[in-house]
Amino acid sequence: MKVLVAVKRVVDYNVKVRVKADGTGVETANVKMSMNPFDEIGVEEAVRLKEAGKATEVIAVSLGPTQCQETIRTALAMGADRGIHVQTDVELQPLAVAKLLKAVVDKEQPQICILGKQAIDDDANQTGQMLAALAGWPQATFASKLVINDDGSANVTREVDGGLETVTVKMPFVLTTDLRLNEPRYASLPNIMKAKKKPIDTLTPEQLGVDAAPRLKTLKVAEPAKRQAGIKVKSVAELVDKLRNEAKVI
Amino acid sequence: MSVLVIAEHDNAKLNPATLHAVTAAQKIGGELHILVAGSNAAAVADEAAKVGGVAKVLLADDAAYANRLPENLAKLLVDLAGNYSHLVATATATGKNVMPRTAALLDVQQISDISGVESADTFVRPIYAGNAMATVQSGDKVKVITVRATAFDAAPASGGSAAVEKLAGAGDTGLSTFVGQELAKSERPELTSARVVVSGGRGMQNGDNFKLLDSLADKLNAAVGASRAAVDAGFVPNTYQVGQTGKIVAPELYIAVGISGAIQHLAGMKDSKVIVAINKDEDAPIFQVADYGLVADLFQAVPELTNELSK
């Protein structure tokens with residue numbers, strides 16, 4: 001059984017992003033980039049499936065400019081077997097990503113596709129659901145536990161607003177990861193060296209026959225409204241007094 | 001132009017989160033319908049019919065919709081989409097699950113988690129954990145939208161008298177089945193709609209210490225939340241998590257206790273009206289967004305605050 005895992009290159013989660021002065025987007029030049037944290041959890045889950053003998057091969061896919069190959073190398077160092085890079089400099093929106101991934105899925109025929117539930121740059125939370133829709137597969141989103149059953153189905157525990165929910169999905173299916181699914185490993189130095197020798201195929205949207213042009217037009221990107229700086233109170237009594245008589249919220 | 005709002009419910013009651021999507025839909029304009037897709041959910045449809053500003057309620061009552069399975073719901077929405085210019089849902093766990101699937105089947109690029117409506121095709125949405133606001137325009141024939149509940153006031157739950165029209169279901173795709181759920185039970189107000197929220201972070205040190213926050217929350221009739229660090233450490237369940245990828249809250253009063261204030265946490269609470277931070281580290285970033293900061297050991301300050309409020 002092949003497992004395909006999608007990895008996105010995003011601004012590192014520790015970076016405080018800055019809006020560009022011309023309002024066209026956020027500053028990404030000379031900013032540390034990393035694998036989307038939810039995708040790291042996806043790679044970890046895929047590698048664990050292989051280590052448990054459930055999966056035979058783990059393929060890491062990334063879409064975007066040349067530097068996405070670094071993100072694929074990170075996945076390979078964590079234990080993925082090979083990579084596919086869909087190279088394009090076009091701004092990719094979730095629907096286009098889902099279409100490109102669907103074309104890769106048609107070529108590779110995996111039984112499980114694992115994606116992060118959302119990317120921490122556009123915060124869209126769409127791609128996994130969209131890929132499942134286009135492939136006609138079931139979707140198990142926001143997963144905190146995955147159990148592969150002997151009959152070729154899987155039980156997935158999902159994090160929902162009120163608690164946890166479990167669904168059974170037939171294979172092939174799409175899984176999107178939530179934070180509690182696992183704790184991703186750090187790649188060891190020997191594995192980072194080994195990853196350099198693992199193969200990465202490069203494809204283009206044209207080769208995959210997909211129109212990846214963006215549908216949403218970004219008119220502007222602005223700073224959010226700033227909060228006024230507050231004050232420090234010296235005691236609990238002063239805090240209660242302020243809340244009662246100044247803010248009037250209690 | 002007409003807008004279909006997808007109701008969030010548990011087959012018995014309409015989830016108040018839906019009322020925020022109704023307000024967003026009213027800002028878009030046009031005739032407003034609500035879809036209640038559920039099983040034995042007539043009571044929900046009756047409740048939806050009373051919501052102010054709603055012209056019609058569609059009730060699709062079918063066992064296939066009993067547990068909000070996205071494969072089945074998206075199929076129904078695709079069948080209905082031809083009659084609407086906009087499909088709108090609140091960005092709840094269900095909305096986030098169902099709407100992108102629907103959008104892809106319609107070949108539409110969804111607009112997620114909008115916090116503002118500029119016009120019928122232009123919307124504002126937070127990106128990068130709310131550190132930037134993007135204004136985006138959609139040229140798609142049908143706009144598929146999820147709504148950030150805290151950014152729109154709730155529509156009045158009463159005052160309307162819409163007709164309820166019954167629909168046939170679109171069938172069960174058989175792709176997935178519901179096994180069960182473990183819902184956290186709480187006597188407290190719901191986190192996303194509470195007037196006051198008391199949240200704890202890694203500084204709470206363990207799950208037992210959250211009892212300190214429970215006592216404070218009891219005094220304020222508050223919901224209890226937590227930072228990701230506290231949830232990851234196993235102090236409290238995932239349903240407590242406030243932040244970029246957890247729940248987004250904007251109460252009148254948010255009290256952050258032992259929370260350092262990572263960007264990802266601030267993203268979930270910085271629209272609160274008044275923010276109080278209690279932390280022994282005076283350099284903690286949480287103080288940069290707090291209206292009132294108290295540099296103190298929480299294990300002394302919280303019980304003292306609870307006592308002071310009893311006076």
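Computation of the quantities below employed the complete heavy-atom set of this structure, encompassing side-chain atoms and omitting hydrogens, waters and symmetry-equivalent molecules. Sequence lines set the chain letters: A, B, ... in the order given, protein chains first and strands last, and positions in each chain run from 1.
In this structure, chain A has heavy atoms under 4.5 Å from both the backbone and the side chain of Ala134(B). For Phe173(A), no part lies near chain B; criterion is any non-hydrogen pair under 4.5 Å. Contacts between Leu183(B) and chain A at a heavy-atom distance below 4.5 Å involve backbone atoms as well as side-chain atoms. Both the backbone and the side chain of Leu294(B) come within less than 4.5 Å of a heavy atom in chain A. Looking at Leu305(B), both its backbone and its side chain come within 4.5 Å of chain A, counting heavy atoms on both sides. Only the backbone of Val15(A) comes within contact range of chain B, with heavy atoms under 4.5 Å apart. Neither the backbone nor the side chain of Glu190(B) has a heavy atom closer than 4.5 Å to any heavy atom of chain A. Contact of Val156(A) with chain B is not made at all, since no heavy-atom distance falls under 4.5 Å. Contact of Leu191(B) with chain A is not made at all, since no heavy-atom distance falls under 4.5 Å. Looking at Lys96(B), the atoms closer than 4.5 Å to chain A (heavy atoms on both sides) sit in the backbone and in the side chain alike. In this structure, the portion of Gln118(A) lying under 4.5 Å from any heavy atom of chain B is its side chain and not its backbone. Contacts of Thr122(B) with chain A are made by side-chain atoms alone, with heavy-atom separations under 4.5 Å and no backbone atom involved. If you measure heavy-atom distances from Gln300(B) to chain A, you find no contacts under 4.5 Å at all. Only the side chain of Phe287(B) comes within less than 4.5 Å of a heavy atom in chain A; its backbone stays farther off. Only the side chain of Asp140(B) comes within less than 4.5 Å of a heavy atom of chain A; its backbone N, CA, C and O stay farther away.
Closest approach of Gln264(B) to Tyr13(A), counting heavy atoms only: NE2-O, 3.0 Å. In terms of heavy-atom proximity, Ile275(B) sits nearest to Arg227(A) at CD1-CZ, 3.5 Å. Taking each heavy atom of Val108(B) and Met130(A) in turn, the nearest pair found is O-CE, 3.6 Å. Residues Pro100(B) and Gln129(A) come closest through the heavy atom pair CB-CB, 3.6 Å.
The choice from Thr135(B), Ile127(B), Val136(B), Leu105(B) that makes the most heavy-atom pairs within less than 4.5 Å of chain A is Thr135(B).
A donor-acceptor contact shorter than 3.5 Å links the side chain of Gln109(B) to the backbone of Leu95(A). In this structure, Gln126(A) contributes its side chain and Gln110(B) its backbone to a donor-acceptor pair below 3.5 Å.
Chain B is approached within less than 4.5 Å, heavy atom to heavy atom, by Lys99(A) from residues 96-104 of chain A, ordered by number. Using non-hydrogen atoms only and a strict 4.5 Å limit, the part of residues 234-250 of chain A facing chain B consists of Lys234(A), Ser235(A), Val236(A), Ala237(A), Leu239(A), Val240(A), Lys242(A), Leu243(A), Arg244(A), Glu246(A), Ala247(A), Val249(A), Ile250(A).
Salt-bridge annotation for Asp107(B) and Arg215(A): present, with a side-chain N of the basic residue lying under 4.0 Å from a carboxylate O of the acidic one. At a threshold of 4.0 Å, the pair Arg125(B)-Asp122(A) does not count as salt-bridged, since none of the basic side-chain nitrogens sits closer than that to a carboxylate oxygen.
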- Task: Give the intermediate values and the outcome of side chain to side chain contact (heavy atoms under 4.5 Å, CB included) for residues Asp121(A) and Tyr128(B).
- Result: CA-CA 5 Å; Asp121(A) 50 4; Tyr128(B) 290 93; 3.5 Å; yes

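Between the side chains of Ser112(B) and Asn125(A), not a single donor N or O lies within less than 3.5 Å of an accepting N or O.
Applying the salt bridge (Lys or Arg N to Asp or Glu O under 4.0 Å) rule to pairs touching residues 270-289 of chain B yields Glu252(B)-Lys273(B), sequence neighbours excluded. Pairs of residues two or more places apart, or lying in two chains, that qualify as salt bridge (Lys or Arg N to Asp or Glu O under 4.0 Å) and include a residue from residues 17-41 of chain A are Asp12(A)-Lys32(A).
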